[in-house]
There are 2 protein chains.
Amino acid sequence: MIRVVVADDQELVRAGFGMILDAQPDIEVVAEAADGLQAIEAVAAHRPDVLLLDVRMPVMDGLEAARRVCVEYPDTKVLMLTTFDIDDYVYDALHAGASGFLLKDVRRDDLAHGVRLVAAGEALLAPSVTKRLISEFAARRPGASRRPHRLLDQLTAREQETLRLLARGLSNAEIAAELTVSEHTVKTHVSNLLSKLQLRDRVHAVVFAYEAGAVVAGEA
Amino acid sequence: MIRVVVADDQELVRAGFGMILDAQPDIEVVAEAADGLQAIEAVAAHRPDVLLLDVRMPVMDGLEAARRVCVEYPDTKVLMLTTFDIDDYVYDALHAGASGFLLKDVRRDDLAHGVRLVAAGEALLAPSVTKRLISEFAARRPGASRRPHRLLDQLTAREQETLRLLARGLSNAEIAAELTVSEHTVKTHVSNLLSKLQLRDRVHAVVFAYEAGAVVAGEA
DNA sequence: TCCCGCCTCCCCCTTGCGGCTGAGTCTCCC
DNA sequence: GGGAGACTCAGCCGCAAGGGGGAGGCGGGA
């Protein structure tokens with residue numbers, strides 16, 4: 001039996017989803033909540049398998065609630081629900097650790113199916129969300145799995161190292177300290193790598209490093 | 001009526017999927033193919049709405065076929081099928097432009113449902129694939145979309161615009177030209193956004209923009 | 001009404017950056 | 001032995017960048 005907590009600030013929505021789920025032979029709604037705080041309390045009290053969580057709620061919104069539940073009660077899987085698939089919601093929810101993200105116009109058997117999937121440890125996204133996530137994913141590192149970039153091979157080891165540090169925002173003096181060489185040397189390296197890559201200045205070098213995948217966002 | 005081409009090197013698999021889909025009142029299998037080249041030819045000949053494409057095939061594998069179809073016949077949506085959800089397959093398929101990725105153990109109504117979704121321009125992933133994509137996505141930029149957006153909201157419209165251009169490598173003079181204001185004004189904006197975001201110089205601003213997702217690699 | 005935030009423009013000044021030229025050491029290889 | 005390339009260091013010079021300070025117009029909110 002899959003035990004579920006339903007959290008939504010609208011009485012009718014709670015009742016509707018609750019009824020759909022309770023009608024399933026293998027799903028049981030053990031509690032309801034009208035805001036984020038209540039949701040967390042309900043999770044603490046009942047330790048459900050799945051928390052069905054609306055994004056927009058008073059007192060504490062669903063994103064913050066999801067964040068806390070995912071940290072404090074990792075056994076409870078969080079399935080987010082929203083009326084509109086605003087981008088930020090999705091990304092925030094996924095970063096918060098949610099297992100899924102559905103729109104409220106979901107068909108009733110898809111909802112039950114989703115709860116079962118999430119309870120089984122799988123993930124689930126509404127089709128439109130999947131679409132955006134894929135395009136976002138595909139766009140970010142175009143062909144990342146294939147080539148490390150030929151241009152970078154033109155640089156000497158020291159130049160590549162310099163570029164890496166430069167792309168992290170270090171000044172020439174800081175790079176010099178990091179590499180334990182003089183600032184003059186760093187300037188030479190920078191100058192050489194700029195001309196090799198045909199870049200105007202260090203700002204362009206930073207842009208290049210990110211675009212070329214020589215530096216990856218989030219790996220600071 | 002959704003017109004589908006089924007491509008798989010195994011006769012039985014083609015027949016099975018073909019039967020399932022043909023049994024649907026709104027889906028019609030217009031051709032079959034036993035390898036990647038045949039698949040492309042079939043797409044060229046029939047211009048189907050959906051191409052159901054196995055990954056592992058002789059002559060030309062499904063990934064390469066997907067890549068070509070997505071470029072040459074963008075109206076035909078590609079739905080990949082595989083027995084095992086090997087990571088690289090998924091990522092390559094998504095980069096190739098596939099609209100979805102399903103495992104062959106898919107239930108028959110899920111398959112039909114998937115074809116309809118893809119034909120409608122939505123995307124679709126097998127649950128286990130969704131799970132990995134999400135964790136990959138969430139890991140890459142930990143909390144990227146939330147916190148920085150807060151910070152970005154501190155900036156005025158003009159400052160955000162300035163940051164966007166700055167992060168593309170434009171000099172103050174170039175930004176001024178782009179915004180049709182004086183360079184002095186740009187300097188003021190830059191100065192303000194640097195202090196608001198507590199960044200040292202424009203190089204740090206570029207790094208920030210990428211790390212925060214205010215600028216996304218590949219969207220130059 | 002007044003005040004505040006935003007956008008715009010200006011001057012002065014210091015600093016970091018990058019181009020230019022030149023040069024010493026090392027290793028690798030012909 | 002000599003050449004090539006990488007790494008190191010140096011001085012000079014021009015310029016973009018960024019801080020500080022000041023100021024006017026313009027809109028919305030108290």
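Predicted model only: the values in this text are computed from it and were never measured. So that the names make sense, note that chain A is the first sequence line, chain B the second, and so on, each numbered from 1.
As judged by a 4.0 angstrom heavy-atom cut-off over every strand, Ser182(A) is placed among residues touching the sugar-phosphate backbone only. Within the 4.0 angstrom heavy-atom criterion, base atoms lie near Thr188(A). At a threshold of 4.0 angstrom between heavy atoms, the contacts of Ala157(B) are confined to the sugar-phosphate backbone, with no base atom among them.
With rounding to whole Å, Lys187(A) atom NZ is found 19 Å from dC7(D) atom P. Following rounding to the nearest Å, Arg200(A) (CZ) and dG18(C) (C1') show an atom-to-atom distance of 12 Å. In this structure, Leu179(A) places its CG atom 14 Å from C1' of dC9(D), rounding to the nearest Å. Straight-line distance from the CD atom of Gln198(A) to the P atom of dG19(C): 13 Å, rounded to whole Å. In this structure, His204(B) atom NE2 and dG16(C) atom C1' are separated by 13 Å, rounded to whole Å.
For Leu194(B), the side-chain atoms get nearest to dG19(D) when compared with the rest of dA17(D), dG19(D), dT8(D).
At least one side-chain heavy atom of Ile40(A) sits under 4.5 Å from a side-chain heavy atom of Met60(A).
No donor-acceptor pair under 3.5 Å is formed between the side chain of Arg200(B) and the backbone N or O of Leu170(A). The backbone N or O of Asn192(A) lies less than 3.5 Å from a partner atom in the side chain of Ser195(A), making a donor-acceptor pair. In this structure, the side chain of Asp35(B) does not engage the main chain of Pro58(B) through any donor-acceptor pair within 3.5 Å.
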